Amino acid sequence: MKKIVIAIDGFSSCGKSTMAKDLARQLGYIYVDTGAMYRAVTLYALRHHLFLENGAVNEPELQQHMPNIHISFKLNPATSKPDTYLNDESVEQEIRSMRVSQHVSKIAAIPFVRTALVAQQQQMGKDKGIVMDGRDIGTVVFPDAELKIFVTASAEVRAQRRFDELQQKGMPAQYDDILKNVQERDYIDSHRQTSPLCKAEDAIELDNSHLTIPEQQQWLVEKVNEQLQQSSKMG
Ligand SMILES: Nc1ncnc2c1ncn2[C@@H]1O[C@H](COP(=O)(O)OP(=O)(O)OP(=O)(O)O)[C@@H](O)[C@H]1O
Ligand SMILES: Nc1ccn([C@@H]2O[C@H](COP(=O)(O)O)[C@@H](O)[C@H]2O)c(=O)n1
């Protein structure tokens, strides 16, 4: 069967990686969580005190550090999911913290950061057979992706899902702080100058506010099967 590129974009915490991970496992495709890459750069910047007192990023310093920031993914046999590594250290847990969530959108708005990460993402998908989730996958990273999905859900639903998840993991967080963070990130991500979050013209939109995880997965598998059939016919 011909391999394709599947781009899953959308707002914060709407279920993109849940959908993308399961789909990649089913298809035997590579899965890449591009948000984890921006989060890893953010963690590096926090650890190296590259945020100024006014909250802005010390961009000239960060630019000098960029060649020292190496991000990779390794399959965790215990979870069967890829963990994110920053300079060979697993940072999978730390990059999901509220502290990183509160700083990441500023890092992701910096053009030289995006240029570096987009180049890595394009390299990972050059042989196709990949499911990648993020904000600009269908618009910038793989504008020719065979299947593009754009996921939405209300901010309140998304915040509640993230709150439940952090509770389950024993990571302390307040629902109101999560809701505020989700709304702030949506705003910064959609209004930045470089690669703002937006639906690609040819993306299929899914509002999963009232869908269960199995229901959204079934919807996605149907879309993938339709696309795989079409791609096979086209040779
Ligand atoms: N349809 C759904 N119903 C209920 N919970 C869901 C649904 N889809 C995903 N979730 C849960 O919502 C939370 C956020 O999902 P996920 O991490 O996949 O979102 P995301 O869009 O990848 O987030 P981020 O933008 O932070 O990377 C997870 O706890 C996940 O299990
Ligand atoms: N392609 C992408 C992916 C992510 N971002 C930025 O990273 C933040 C964290 O992403 P999550 O998917 O883990 O929520 C996100 O809020 C964006 O600022 C991006 O710009 N492009």
Side-chain angles (χ1 to χ4, degrees), residues 7-24 31-43 45 57 71 81 84 91-92 94-111 113-122 124-125 131-142 145 148-169 171 173 178 181-198 200 206-220:
I8 304 187
D9 287 305
F11 293 97
S12 307
S13 307
C14 60
K16 302 179 297 296
S17 53
T18 303
M19 295 170 74
K21 247 180 254 173
D22 279 4
L23 180 65
Y31 162 63
V32 178
D33 171 2
T34 61
M37 300 172 74
Y38 290 95
R39 285 173 180 271
V41 176
T42 305
L43 179 62
V57 182
I71 301 161
K81 290 170 187 168
T84 311
V91 290
E92 185 54 37
E94 214 175 336
I95 59 169
R96 310 290 166 192
S97 66
M98 276 301 285
R99 185 160 175 252
V100 170
S101 298
Q102 282 160 350
H103 290 84
V104 63
S105 287
K106 284 189 182 155
I107 292 285
I110 301 172
V113 173
R114 302 204 70 82
T115 303
L117 297 192
V118 167
Q120 286 181 39
Q121 292 154 11
Q122 288 173 333
M124 292 177 203
V131 186
M132 192 172 276
D133 82 70
R135 303 293 188 289
D136 59 342
I137 312 307
T139 50
V140 174
V141 182
F142 294 118
K148 299 181 187 177
I149 306 293
F150 190 82
V151 192
T152 67
S154 75
E156 289 74 17
V157 164
R158 291 183 277 134
Q160 186 63 48
R161 289 174 181 169
R162 189 58 84 202
F163 175 74
D164 293 344
E165 179 190 328
L166 292 175
Q167 293 277 100
Q168 274 176 13
K169 287 183 178 167
M171 293 171 79
I178 297 177
N181 175 253
V182 157
Q183 289 169 331
E184 276 174 5
R185 279 199 289 143
D186 286 351
Y187 184 84
I188 300 175
D189 294 346
S190 314
H191 290 83
R192 67 184 173 219
Q193 278 205 323
T194 311
S195 313
L197 165 66
C198 64
L206 171 69
D207 180 342
N208 69 3
S209 301
H210 304 292
L211 293 186
T212 63
I213 291 175
E215 283 170 345
Q216 75 197 16
Q217 219 54 32
Q218 192 184 339
W219 178 92
L220 181 60

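Atoms within a ligand are numbered from 1 in the order they appear, just like the ligands themselves. The structure displayed is predicted, hence computed values, not measured ones.
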Practice task
For G35 and ligand 1, answer yes if some heavy atom of the residue is under 4.0 Å from a ligand atom, otherwise no.
Solution key: no
Exercise for the section: Take every heavy atom of M37, measure it against each atom of ligand 2, and state whether any distance is under 4.0 Å. Expected result: no
Practice task
Specify the protein heavy atom at minimum distance from atom 8 (N) of ligand 1: its residue, its atom name, and the distance to 0.1 Å.
Solution key: Q216 NE2, 3.1 Å
Exercise for the section: Verify, without hydrogens or angle tests, whether R114 (side chain) and A109 (backbone) share a donor-acceptor contact under 3.5 angstrom. Expected result: no
Completion exercise
Note: heavy atom closest to atom 25 (O) of ligand 1, options E165, K169, K16, belongs to K16
Exercise for the section: Quick one: list whatever passes salt bridge (Lys or Arg N to Asp or Glu O under 4.0 Å) with R162, sequence neighbours left out. Expected result: E165
Handout entry: Side chain, backbone, both or neither: D33 near ligand 1, heavy atoms under 4.0 Å
Key = neither
Fill in the blank from the handout: closest protein heavy atom to atom 19 (O) of ligand 1 is G15 N, 2.9 Å
Handout entry: Region of R185 engaging ligand 2 - heavy atom pairs below 4.0 Å
Key = side chain
Problem - Of the listed options G10, S17, A36, closest to atom 22 (O) of ligand 1 (non-hydrogen atoms) - result: S17
Practice task
Decide whether the shortest distance between a heavy atom of R135 and an atom of ligand 1 is less than 4.0 Å.
Solution key: yes
Completion exercise
When distances are taken from atom 4 (C) of ligand 1, the protein heavy atom at minimum range is R161 NE, 3.3 Å
Practice task
Please report which non-hydrogen protein atom sits nearest to atom 26 (O) of ligand 1, along with the residue it belongs to and the distance in Å to one decimal place.
Solution key: R162 NH2, 2.6 Å
Completion exercise
Checking heavy atoms under 4.0 Å, the part of R114 that sits near ligand 2 is side chain
Problem - Identity and distance of the protein heavy atom lying nearest atom 18 (O) of ligand 1 - result: T18 OG1, 2.5 Å
Handout entry: Taking atom 2 (C) of ligand 2 as the reference point, the nearest protein heavy atom with its distance
Key = R135 N, 3.4 Å
Exercise for the section: For ligand 1, note which part of Q168 has a heavy atom under 4.0 Å away: side chain, backbone, both or neither. Expected result: neither
Exercise for the section: Determine, for R192 against D136, whether the closest basic-nitrogen to carboxylate-oxygen distance falls under 4.0 angstrom. Expected result: no
